[in-house]
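Both counts, for ligands and for their atoms, begin at 1 and track the order of listing. Keep in mind that what you see is a predicted model, and the values were worked out from it rather than measured.
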Amino acid sequence: MKTEIPYKIYLSENEMPTHYYNVRADMKKKPAPLLNPGTLKPMTAEELGGVFCSDLVAQELDDTTAYIAIPDEIRSFYKMYRPSPLVRAYELEKRLQTPAHIYYKFEGNNTSGSHKLNSAIAQAYYAKKQGLRGVTTETGAGQWGTALSMACAYLNLDCRVYMVKVSYEQKPFRREVMRTYGATVTPSPSMTTEVGRRILQEHPNTTGSLGCAISEAVEDALSRDGYRYVLGSVLSQVLLHQSVIGQEAKTAMDKYGIVPDIIIGCAGGGSNLGGLIAPFMGAQLRGENRYHFIAVEPASCPSLTRGRYAYDFCDTGNVCPMAKMYTLGSGFIPSANHAGGLRYHGMSPILSELYDQGLIEARAVEQTSVFEAAEYFARVEGILPAPESSHAIRVAIDEALKCKETGEEKNILFGLTGTGYFDLIAYQNYNDGTMTDYIPTDQELEASFATLPKVDR
Ligand SMILES: *Cc1c(COP(=O)(O)O)cnc(C)c1O
């Protein structure tokens, strides 16, 4: 007799991962190294140590250790909101009349409302362990800043957040959550940093960008004793921390003998997708199994589907190391009517390399179709999804509908990264029918590519 699969597959605390899994260890061709923008040589641990905490530098540079123990302090924090449920979307399947089995790993069950807390607590922990006083960071939509504020409050670390100005103004409640957890929140670009003043002089009316906020946060960290900069996505250390998502999902599926055929995640900087697919990708790289991995990005910020695989700056002010990644150019700013998050110009070097090797498929979707999927999902499954997560929902529904045509009983797993309570202006635009789609033209992208640094590597 077949075991009935419950709506939610919960794990016990003892089944939570004890180690982070580093997919780079199983990659034959490794992601390209970060470069010093001055010398164009690979960044050394010493150079990176000026900006990042030392344990995180070690993780960033480690291409070979497959399993890195999760310190007990971090695991204790995880226990407050993990393991996160793996949900069988029975209602969605019924409504779509698909033979496919749809599963989602829900990371929105914590106050920050997203998966970002998984890395925030790790980064804050290593900063505290090093005896630092505080950390600085940037935040776009605000989930990362909230997550980091929570982690810093728990560990009694100072937290300084540069928030992209347009979000600071559009999402005052997000700002207040951060302040409630003790963070200092500054709209970016600001007059408090040199790079902020320079950007404001050149573009007095700018509403800010992630790349610009990163430059300000780095400058702030460098100008204070006992501070380091931390980043919520893109870096390999962040994907490493997020591997708890994929490991839990795999443990839960293994319990019921479920093997996912298709694994889908939205991709901004690549951390949730990288974390969700990590153990599955590892199995594939070791030749144990094969999966269909799909990265979903907005058509208005299409770094994988239309970007160049090249060395680029990670920030607007060119203060960070350079990374080889799929990129639209560090000056690229998505159209102002883009509401769905995932607006970073580049993509994680790990995912970029896996994509370049043909191991991941990428799809770009337009925001009105993303919100259509979001609304459908909210009404059927009950959860109000974050716009970012809804990119993955869109493609999960598309794939389930394909199964309906072919009659295939595929197992579809997608990452439901967070909730959308702070994205109601975007939902309002969608409900009012004023949301539009914007796809950058080839000329716009070419103009942005022309600013890519010339690096012979
Ligand atoms: C930040 C965020 C994302 C995108 O970031 P990745 O690093 O690509 O995972 C997706 N969903 C939610 C809810 C987020 O907060």
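- Close contacts of ligand 1 with C266, meaning ligand atoms under 4.0 Å from a residue heavy atom, involve 10 (C).
- The protein non-hydrogen atom at the shortest distance from atom 1 (C) of ligand 1 is K116 NZ, 1.3 Å.
- Separation of the Y20 and Y67 ring centroids does not fall under the 6.0 Å cut-off.
- Classification of R363 and E361 as a salt-bridged pair holds, one side-chain N sitting under 4.0 Å from a carboxylate O.
- Listed by number with element, the atoms of ligand 1 under 4.0 Å from a non-hydrogen atom of L342 are 4 (C).
- Ionic pairing of K30 and D63 is not present here: no N-O contact between side-chain nitrogen and carboxylate oxygen is shorter than 4.0 angstrom.
- Near S233, with a cut-off below 4.0 Å to any heavy atom, the atoms of ligand 1 are 6 (P), 7 (O).
- With ring centers used as reference points, F173 lies 6.0 Å or more from F422.
- Taking atom 13 (C) of ligand 1 as the reference point, the nearest protein heavy-atom neighbour is T417 OG1, 3.3 Å.
- Backbone and side-chain nitrogen or oxygen atoms of A267 are examined, and none is located within less than 3.5 angstrom of a nitrogen or oxygen of ligand 1.
- By the 3.5 Å distance cut-off applied to N or O atoms, A386 is not counted among the residues near ligand 1.
- Contact check on R394 versus E399 returns no salt bridge, with no Lys/Arg side-chain nitrogen under 4.0 Å from an Asp/Glu carboxylate oxygen.
- For a threshold of 3.5 Å applied to N or O pairs, the pair formed by N272 and ligand 1 contains at least one separation below that value.
- No close placement of the F52 and Y126 rings is indicated, their centers lying 6.0 Å or farther apart.
- Side chains of T137 and W144: a donor-acceptor N/O pair is present below 3.5 angstrom, by distance only.
- Residue contact check: Q143 has heavy atoms under 4.0 Å from atoms 13 (C), 15 (O) of ligand 1.
- Side-chain contact check for D62 and T65: at least one donor-acceptor pair (N or O, by modelled atom type) lies under 3.5 Å.
- Below 3.5 Å of separation, one finds an N or O of G268 facing an N or O of ligand 1.
- Between E388 and ligand 1, a contact under 3.5 Å exists for no N or O pair.
- Each of the following atoms of ligand 1 lies closer than 4.0 Å to a heavy atom of S114: 13 (C), 15 (O).
- Under a 4.0 Å heavy-atom criterion, H115 is in contact with ligand 1.
- The shortest side-chain heavy-atom distance between I214 and Y344 falls under the 4.5 Å cut-off.
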